[in-house]
Amino acid sequence: QLQLVESGGGSAQPGGSLKLSCTASGSTLTYSAIGWFRQAPGKEREGVSCISRSGASINYADSVQGRFTISRDNAKNLVYLQMNSLKPEDTGVYYCAADRPTILRSRSWCGTRATEYDYWGQGTQVTVSS
């Protein structure tokens with residue numbers, strides 16, 4: 001059972017940057033694909049980015065392509081989401097999620113749908129405003 005913990009949220013001005021981190025308490029992220037999702041008030045949770053176990057496959061939502069960068073450091077048991085050129089519409093609660101390790105999925109797989117993930121963090125608030 002993975003217990004995910006996000007950190008790094010906060011407030012930023014439009015055009016600013018924040019870096020989110022995701023780690024697993026008492027366990028390892030090494031064998032899981034990781035997804036970042038966000039949920040704005042009154043809206044459904046949406047996929048932002050994902051990274052495969054191997055790190056070889058990465059996907060971004062069109063709305064963040066070119067501004068956000070996902071990465072992982074398995075030695076430190078961390079996955080990052082570097083967010084640059086922030087916009088007010090990036091405001092929301094950001095969640096990291098991990099899939100249950102399985103041999104049925106390629107090491108190069110990562111998914112963009114919330115239903116593909118089994119473990120979730122509590123979320124960290126990101127607010128972008130002037």
Side-chain angles (χ1 to χ4, degrees):
Q1 185 88 5
L2 285 177
Q3 294 184 328
L4 303 180
V5 180
E6 304 95 339
S7 61
S11 297
Q13 292 187 337
S17 298
L18 287 172
K19 186 173 185 178
L20 306 184
S21 299
C22 173
T23 191
S25 175
S27 188
T28 178
L29 297 176
T30 303
Y31 306 113
S32 293
I34 303 297
W36 280 100
F37 294 81
R38 67 186 180 189
Q39 188 164 19
K43 294 188 176 181
E44 293 186 355
R45 191 171 298 189
E46 64 171 343
V48 174
S49 183
C50 68
I51 186 167
S52 64
R53 297 202 309 264
S54 67
S57 294
I58 288 174
N59 288 306
Y60 297 101
D62 290 343
S63 58
V64 306
Q65 181 77 44
R67 300 188 297 120
F68 290 12
T69 302
I70 192 171
S71 61
R72 67 188 303 159
D73 185 337
N74 286 339
K76 294 183 178 179
N77 206 31
L78 285 165
V79 175
Y80 304 102
L81 185 68
Q82 177 68 48
M83 306 186 295
N84 298 329
S85 301
L86 284 164
K87 303 176 180 180
E89 50 263 44
D90 294 319
T91 295
V93 179
Y94 282 69
Y95 302 88
C96 67
D99 72 329
R100 184 178 293 111
T102 172
I103 61 173
L104 300 179
R105 279 179 175 163
S106 165
R107 293 181 73 247
S108 297
W109 175 89
C110 79
T112 56
R113 294 176 294 180
T115 53
E116 295 173 310
Y117 292 89
D118 304 288
Y119 307 108
W120 292 81
Q122 293 299 307
T124 185
Q125 176 70 45
V126 170
T127 303
V128 184
S129 69
S130 54

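Since the model is a prediction, treat every value here as computed from it, not as a measurement.
In plain terms, the two heavy atoms of Asp90 and Ser85 that are nearest each other are OD2-O, 4.4 Å. The minimum heavy-atom distance linking Ser108 with Ser57 is given by the pair O-OG, 2.7 Å. Looking at every heavy atom in both residues, Ile34 comes nearest to Ala98 through CD1-CB, 3.6 Å. Closest approach of Ala61 to Gly47, counting heavy atoms only: CB-O, 3.4 Å.
Gln39 places no side-chain N or O within donor-acceptor distance of the main-chain N or O of Gly92, the cut-off being under 3.5 Å. Side-chain N or O atoms of Arg105 include none that pairs as donor or acceptor with a backbone N or O of Arg100 at under 3.5 Å. In terms of modelled atom types and a separation under 3.5 Å, the side chain of Ser32 and the main chain of Asp99 share a donor-acceptor contact. With hydrogens and angles disregarded, a donor-acceptor distance shorter than 3.5 Å links the side chain of Ser54 to the backbone of Arg107. Although no hydrogens or angles enter the test, the distance criterion places a donor-acceptor pair under 3.5 Å between the side chain of Glu6 and the main chain of Cys96. Judged by distance alone, with hydrogens and angles left aside, the side-chain atoms of Thr91 form a donor-acceptor pair with the main-chain N or O of Val128 at under 3.5 Å.
Heavy atoms of other residues, nucleotides or ligands lying less than 6.0 angstrom from CD of Gln82 number more than 12. Within 6.0 Å of OH on Tyr119 lie more than 12 heavy atoms contributed by other residues, nucleotides or ligands. The 12-atom threshold is not exceeded at CD of Glu44, counting heavy atoms of other residues, nucleotides or ligands nearer than 6.0 Å.
Ser129 and Thr127 share no donor-acceptor pair across their side chains, judged by distance under 3.5 Å alone.
Note that CZ of Arg113 is 16.0 Å distant from CZ of Arg45, once rounded to the nearest 0.5 Å. The structure places CG of Asn59 at 10.0 Å from CH2 of Trp109, a figure rounded to the nearest 0.5 Å. To the nearest 0.5 Å, atoms CG (Leu29) and CG (Leu78) are separated by 7.5 Å. The distance from the CD1 atom of Ile58 to the CD1 atom of Ile51 is 4.0 Å, given to the nearest 0.5 Å. Distance check, rounded to the nearest 0.5 Å: CZ of Arg53 to SG of Cys110 gives 11.5 Å.
Listed by first then second residue, pairs satisfying ring pair (Phe, Tyr, Trp, His ring centres under 6.0 Å) with a partner in residues 68-105 number zero, not counting sequence neighbours.
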Check: Checking side chain to side chain contact (heavy atoms under 4.5 Å, CB included) for the pair Met83/Trp36: CA distance, chi angles, key distance, verdict?
Finding: CA-CA 12 Å; Met83 306 186 295; Trp36 280 100; over 6 Å; no
Next item on the list: Would you check, one step at a time, whether the test side chain to side chain contact (heavy atoms under 4.5 Å, CB included) holds for Val126 with Arg38?
Entry: CA-CA 9 Å; Val126 170; Arg38 67 186 180 189; over 6 Å; no
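A single hydrophobic cluster is not seen to contain both Leu2 and Trp120; linkage of ILVMFWY side chains at heavy-atom distances under 4.5 Å, directly or through other members, places them apart.
For the pair Tyr60 and Thr112, the minimum side-chain heavy-atom distance is 4.5 Å or more.
Aromatic ring orientation, Tyr117 versus Phe37: perpendicular (interplanar angle above 60°, classes split at 30° and 60°).
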Throw together a table of side-chain donor-acceptor distances under 3.5 angstrom for residues 13-26, partners on residues two or more places apart or in other chains.
from  : atom 1 : to    : atom 2 : distance (Å)
Ser17 : OG     : Asn84 : OD1    : 2.9
Thr23 : OG1    : Asn77 : O      : 2.8

